Number of protein chains: 2
Amino acid sequence: MPTSKHAAPDRDNPTVRRSPCPVACALDLFGDRWTLLIIRDLILGRRRFKEFAESPEGIPTNILSNRLERLLNGGVVRQIPADKGSKRLAYELTEKGLALRPILLTIRDWGLQWEPETKAGMERGD
Amino acid sequence: MPTSKHAAPDRDNPTVRRSPCPVACALDLFGDRWTLLIIRDLILGRRRFKEFAESPEGIPTNILSNRLERLLNGGVVRQIPADKGSKRLAYELTEKGLALRPILLTIRDWGLQWEPETKAGMERGD
DNA sequence: AAAAATACTTGCTTTTTGCAAGTTATCTGA
DNA sequence: TCAGATAACTTGCAAAAAGCAAGTATTTTT
């Protein structure tokens, strides 16, 4: 579990909400430039810190640490052993996290339709 | 058209993209804590600067200015006269902006289902 | 012609980001 | 088994963005 002494401003406190609006609450959790890209990677089958860090957008590792912690606290991902018997950890989506899939697919579809120079790449386009 | 001398870092440059991924490109445009709340307000029929500023989340007005400018540049909103013959401006979604509606609805549904203490409020739940 | 409201802009402080470098724990194979 | 090699972070610091209060320039209203 990543734990930095810098990690715990309001953004990382899941009890601080700007309003009771479901959209606002959702954005309190994943409304930033990186979090949904980690979710995208998880949906695509990536599971390890290094794999997320190697995605083409180039997330800084301190941000990655912070976002994984936030997602853990938010119940969106959980940690599992990277290999049977290994002490290394991997990440996987919880049920709550898997439920984000329709959001990602909708965003992808919008991007493909409205943003030029955009290319598919998220398989399982159902 | 809001034009501040502080407005034009990379985030506001629509040609700077982190990757060709449609999700990443979409997040380059609206991946932050505020933009989708403005879109939500527009979908709910709010049209004026003041109305956006009065939403319960309390967006700072300089951020609101910046995000409206970004959305204008991104082709997501356009300006129209606030009333027939008025010189005051209002904002409305373009076709590209209206296409964001499914994203907002999906996020709202996720929030309602998975975030406790969340309340509906986005009418027209189709 | 004031007064009020609207739509921003500015200045300043705080928070977050991004990058490079460092650290610790785990693993691999000679 | 033990010396790299790799993985998974953490830290420090400069730069960017956010947030807040206050100010300003246009309408609009009275």
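Quick note on labels: first sequence line is chain A, next is B, and so on, each numbered from 1. Computed from a predicted model, the values in this text were never measured in an experiment.
- Here the side chain of B:Asn62 is nearest to one of C:dC27, D:dT27, C:dG11, namely C:dG11.
- Straight-line distance from the NZ atom of A:Lys84 to the P atom of C:dC27: 11 Å, rounded to whole Å.
- If you measure from atom CG of A:Leu89 to atom C1' of C:dA25, you get 11 Å, rounded to the nearest angstrom.
- With C:dC27, D:dG19, C:dC19 as the candidates, the nucleotide lying closest to the side chain of A:Pro60 is C:dC19.
- To the nearest angstrom, C1' of C:dT28 lies 13 Å from CG of A:Asp83.
- Closest to the A:Thr61 side chain, of the nucleotides D:dA8, C:dA21, C:dT6, is C:dA21.
- With D:dA8, C:dT6, C:dC8 as the candidates, the nucleotide lying closest to the side chain of B:Tyr91 is C:dC8.
- Side-chain N/O atoms of B:Trp34 include one lying less than 4.0 angstrom from OP1 or OP2 on D:dG19.
- Residue A:Arg67 places at least one side-chain N or O closer than 4.0 Å to OP1 or OP2 of C:dT17.
- The interatomic distance linking A:Gln79 (CD) with C:dA25 (C1') rounds to 14 Å, in whole Å.
- In this model, no donor atom of one side chain and acceptor atom of the other lie less than 3.5 Å apart for A:Asn73 and A:Asp12.
- Between B:Gly58 and A:Glu51, the residue whose closest nucleotide on DNA chain D is further toward the 5' end is A:Glu51.
- For A:Lys50, whose side chain is taken as the heavy atoms from C-beta onward, the closest listed nucleotide among D:dA8, D:dT28, D:dC9 is D:dA8.
- Distances shown here put a side-chain N or O of A:Ser86 below 4.0 Å from the OP1 or OP2 atom of C:dC27.
- Of the residues A:Glu117, A:Glu57, A:Glu115, the one that meets the salt bridge (charged side-chain N to carboxylate O under 4.0 Å, His left out) test with B:Arg17 is A:Glu115.
- For B:Glu51 (side chain) and B:Arg47 (main-chain N/O), a donor-acceptor pair under 3.5 Å exists by modelled atom type.
- Taking atom CD1 on B:Ile63 and atom C1' on C:dA7, their separation rounds to 16 Å, with Å as the unit.
- A:Ile43 CD1 to A:Ile103 CD1: the interatomic distance, rounded to the nearest 0.5 Å, is 9.5 Å.
- Distance, B:Phe49 CZ to C:dT9 P: 8 Å, rounded to whole Å.
- Under 4.0 angstrom from either OP1 or OP2 of C:dT16 there lies no side-chain N or O belonging to A:Arg33.
- If you measure from atom CG of B:Asn66 to atom P of C:dA7, you get 18 Å, rounded to the nearest angstrom.
- Neither OP1 nor OP2 of D:dT6 sits under 4.0 Å from any side-chain N or O of A:Arg48.
- Atoms CD (B:Glu69) and C1' (D:dA18) sit 16 Å apart, rounded to a whole Å.
- Summarising the geometry of B:Gly75 relative to B:Thr94, their closest heavy-atom pair is O-OG1, 2.6 Å, with the distance given to 0.1 Å.
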